[in-house]
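Here the structure is laid out as C-alpha cells; the discussion comes afterwards.
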2 protein chains.
Amino acid sequence: MNKKEEFDLENAKAQIRKGILEFPVLLIIAEGRSYASDIIKKLKKADLIIVEGTLYPLLSRLRHLGLVEYTWEESKSGPPRKYYTLTRKGREILKQLESVWKGLNNSINALIKNNEKNS
Amino acid sequence: MNKKEEFDLENAKAQIRKGILEFPVLLIIAEGRSYASDIIKKLKKADLIIVEGTLYPLLSRLRHLGLVEYTWEESKSGPPRKYYTLTRKGREILKQLESVWKGLNNSINALIKNNEKNS
DNA sequence: CATAGTACCTTGTAAAGCAAAGTACTATGT
DNA sequence: ACATAGTACTTTGCTTTACAAGGTACTATG
C-alpha cells in the first residue's frame, strides 16, 4: 500500500496506459486474429500490462461499437476461444487513432524539446 | 450529443489525454513559472485541450504531492494569480515521467511498425 | 471422478476529466 | 456610484473506465 500523499509512479503509468489501451489492442488484433489471453500476452511483451478484468469489457465495448467481431473456435487445450478480427469500421478507426497518436506524440515531444532547450 | 453506439473519436482523444495530462502540465511549469490560464493557453497551442475544471484540481493534486508550489502575484488586469513552479521533487518526478513516456512511445511505435509490415 | 489448466464473464470500487455554476477582484463606461 | 465585462480561482455532480476479486464452464490427465 502506497501512502496517499506520495506520488505513485506505478499508478501514473497505469493512468497513462488507461487512456490509450484501445489503441494497442486494436493494433494487435489488426496484426492477426487473436483471442483474449493471446492479446494479453502480446501486450505484456510490449511492456503494456493489462489484466482480464480490463480486457474483456474492453473487447465487448469494441464489439458493440462495431470495430471488432469474433468467431468461436475449438481449442485442443481447454474451452473454445473467441477469436477477434477487425471489421472494416475497425480498420478505419484504427487509422484515425494512429493519427491521434502521432499528434499527441508531436505535441509532447515538442514540449520535451522546448524544456531541454531552456535548462 | 453523440449516439452511444457510435465510436466517439473526441471521447477517445479525451481518454488518451486524461491519463497523460500531468506530464505535459509539469513540462510546461518546468519551462517557466506559469499560472492556470497560462498553462491552458500553452497546452492549447500544443493541441492538448484542457479546461479549468480539469486543471485546477490537477494543480491542487500536484501541490499536495509536493511536486509544485505557487506564489500569489498581483496582476494589472484582474485578480491576483497563482504562479506555479516545480519543486525539487517535481523535477525528479518529471524525469521519471519522461522515461515512462519514452517507454510507452517505443512500445506503441513498435506495434505500429509491426502492423505496417503485415499489411 | 477429482484436479489442474484454460477461457470467458461480472460486480464493486476508485480515479479523474469535464460541464456547469459560483465567488471575487479589477477596469471601464455612463 | 453602479452596471458590465474581463479575468482568475474554486466546487459540485456526472460519467467513463481500469482494476481487483470472484465466478462459471469446458477439456485433459492421473
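Since this is a predicted model, take the numbers as computed values, not measurements. Letters go in sequence order (proteins before strands), and every chain restarts at 1.
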Could you list the residues that satisfy side-chain contact (heavy atoms from CB on, under 4.5 Å) with [X], not counting sequence neighbours?
X	answer
A/Thr87	A/Glu69, A/Lys89
B/Gln15	B/Asn11, B/Lys18
B/Asp38	B/Ser34, B/Tyr35, B/Lys42

Pairs touching residues 44-57 of chain B that satisfy side chain to side chain donor-acceptor pair (under 3.5 Å), sequence neighbours left out: none
Write out all pairs satisfying side chain to side chain donor-acceptor pair (under 3.5 Å) with one or both partners inside residues 97-111 of chain B, taking only residues at least two apart or from two chains.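 Found A/Trp101-B/Asn109, A/Asn105-B/Asn105, A/Asn109-B/Trp101, B/Asn105-B/Asn109.
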Determine whether [X] and [Y] make a side-chain contact, defined as any pair of heavy atoms from C-beta on separated by less than 4.5 Å.
X	Y	result
A/Asn115	A/Leu111	no
A/His64	A/Arg61	no
A/Leu94	A/Phe23	yes
A/Val68	A/Leu26	yes
A/Ile29	A/Leu59	yes
B/Glu92	A/Phe7	no
A/Glu31	B/Asn114	yes

What's the shortest heavy-atom distance between A/Ile39 and A/Ile28, and which atoms? O-CD1, 4.1 Å
Nearest heavy atoms of B/Leu86 and B/Arg91, plus distance in Å: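 Nearest pair, atom of B/Leu86 first, then B/Arg91: O-NH1, 3.5 Å.
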Filtered N/O pairs between nucleotides 20-30 of chain D and protein, under 3.5 Å:
from: D/dA28; atom 1: OP1; to: A/Lys76; atom 2: O; distance (Å): 3.4

Rounded to whole Å, please give me the gap between [atom1] in [X] and [atom2] in [N].
X	N	atom1	atom2	result
A/Ile16	C/dA15	CD1	P	17 Å
A/Leu62	C/dC9	CG	P	13 Å
B/Lys82	D/dT7	NZ	C1'	15 Å
B/Leu21	D/dT16	CG	P	19 Å
B/Lys13	C/dC18	NZ	C1'	16 Å
A/Leu55	C/dT10	CG	P	14 Å
B/Leu59	D/dC9	CG	P	9 Å
A/Gln15	C/dA14	CD	P	14 Å

Report yes if a side-chain nitrogen or oxygen of [X] is closer than 4.0 Å to either non-bridging phosphate oxygen (OP1 or OP2) of [N]; otherwise report no.
X	N	answer
A/Arg61	D/dA18	yes
B/Arg17	C/dA16	no
A/Tyr56	C/dC9	no

Fill in the dot-bracket string of DNA chain D, one character per base: . for unpaired, | for a pair to another strand, ( ) or [ ] for pairs within the strand, taking Watson-Crick or G-U pairs under 3.5 Å. ||||||||||||||||||||||||||||||
With nearest nucleotides of DNA chain D determined for B/Tyr84 and A/Leu58 from heavy-atom distances, which residue corresponds to the more 5′ nucleotide?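 It is B/Tyr84 whose nearest nucleotide is closer to the 5' end.
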Check which hydrophobic residues are tied to A/Ile49 through side-chain heavy-atom contacts below 4.5 Å, counting indirect links as well, and list them. none
Between A/Glu116 and A/Lys113, does any side-chain N to carboxylate O distance fall below 4.0 Å?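 Salt bridge between A/Glu116 and A/Lys113, a charged N being under 4.0 Å from a carboxylate O: no.
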Heavy atoms within less than 4.0 Å of DNA chain D: which residues of residues 25-43 of chain B have one? Give them sorted by number. B/Tyr35, B/Ala36, B/Ser37
Return the residues of residues 103-112 of chain A meeting this criterion: a heavy atom under 4.0 Å from some atom of DNA chain D. Order them by number, or give none.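 Of all residues in residues 103-112 of chain A, none places a heavy atom under 4.0 Å from DNA chain D.
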A/Arg33: side-chain hydrogen bond (donor to acceptor under 3.5 Å, both in side chains) partners, not counting sequence neighbours: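 Testing A/Arg33 for side-chain hydrogen bond (donor to acceptor under 3.5 Å, both in side chains), a comparison that skips the adjacent residues, returns A/Glu73.
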Shorter than 3.5 Å, N or O on both sides, protein versus nucleotides 13-15 of chain D: list them out with atom names.
none

